[in-house]
Amino acid sequence: MKAAFLTGVRQVEIRDVPEPRPAGPNDVLLGIDTVGVCGSDMHYYRTGRIGQQIVKFPWIVGHECAATVIKVGSAVEDLRPGDRVAVDPLIPCGQCDQCQRGRRHTCRNQVFLGVPDQLPGSLAEQLVMPAACCYPIPDSMTMEQATLIEPFAIGLYTQRRAGTPNGEKIAILGCGPIGLCVLLAIKAAGPCRVWATDLLDNRLQLAAELGAEWTGNASRDDMAAAVGKLCPEGMDWVFECAGEQETLDEAVELLRPGGTLLIVGIPQHDRISFDMNHLRRKELTLLNIRRQNECVRPAIELVACGKVNVERLVTHHFTLSQTQRAFDIVADYKDGAVKAMIHVSSRP
Ligand SMILES: [Zn+2]
Ligand SMILES: [Zn+2]
């Protein structure tokens, strides 16, 4: 089968490798249909690492994927060949205290698709996964929609951590795919007024189309001044989806006393700082988001019933052999790219 390997920083090679086989009775062999290019893949592409997770080349990245079941292990009961599935890229151990507490996303022994030293990623024609990670999708759902279930589940989980909106004033700082998924989830969950910021105008335009009432380009507009006029008492919830010191500072500035800051973005640096005086005086609540938990199924339902148009995020399409081009366009924010889809298979 063919797979796209990172062979160095900003280097992709399509190589032929042996097809995988279902390893255990609870595994399934998947034919990958579509893979979404994620910001975390771009970290590995641009720098070969995320924090302590360092790529040993060659390595296959990719974790947002939709697939068709080819073969199932002997103990798999609820999947059969031909089923179309959305894939949850996290494999928990099922044994540790976190798994026992229903927190599989913080499993102490988890492995995740495409993470160095854990599992090779999904930019390959075939992949073996535990059946428990494969969620059948309805016939009406496209493979692109199914591919976007992974990032949308993170948006949905983030919304659930904040709560069900009922008239809240909300800021989303950073309108990359995850910020936009938070926007989609929050607008679907209940009435609220959303202010969105980014550095790229095309993303702000998309945020406005997806329900943001007001948008600001952080490189031009003074967000605090503008929001101060529109919402003098301050924001109820701020979702920091950029992973920058500046946006974290801005979040603290924008929140009303008693407001909640949700930290969704992943900062480049391990240490960031807060103005403790502000945090304490406003008595802000800080919530960290680590991927998602138990949100894949409800994400599928929200997309399937048409309440959430997650496919609006897709701006670009590529084949597996064009992976390098896809990565260049996404890594450099070229050509208005938001979410690029790599169509891996052209199976009959
Ligand atoms: Zn992702
Ligand atoms: Zn565990």
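Counting starts at 1 for both ligands and their atoms, following the listed order. Basis for what follows: all heavy atoms, side chains included, without hydrogens, waters or symmetry-related copies.
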Any side-chain heavy atom of His63 sitting closer than 4.5 Å to one from Asp41?
yes

Quick one: does Arg103's side chain have a donor or acceptor within less than 3.5 Å of a partner on Asn293's backbone?
no

Could you tell me whether a side-chain N or O of Lys282 sits under 3.5 Å from a main-chain N or O of Val252, the two making a donor and an acceptor?
yes

Geometric class of the His316/Phe318 ring pair [parallel <30°, tilted 30-60°, perpendicular >60°]:
parallel

Is there a donor in the side chain of [X] and an acceptor in the side chain of [Y], or the other way round, less than 3.5 Å apart?
{"X": "Gln292", "Y": "Arg104", "result": "no"}
{"X": "Asp33", "Y": "His343", "result": "no"}
{"X": "Asp201", "Y": "Gln205", "result": "no"}
{"X": "Thr106", "Y": "Gln98", "result": "yes"}

Taking all non-hydrogen atoms of both residues into account, name the closest pair between Leu206 and Leu313 and its distance.
CD2-CA, 4.4 Å

If I only include protein atoms of type N, O or S, how many are less than 2.8 Å from the Zn ion (ligand 1)?
3

Under 2.8 Å from the Zn ion (ligand 2), protein N/O/S atom count?
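Total protein N/O/S atoms under 2.8 Å from the Zn ion (ligand 2): 4.
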
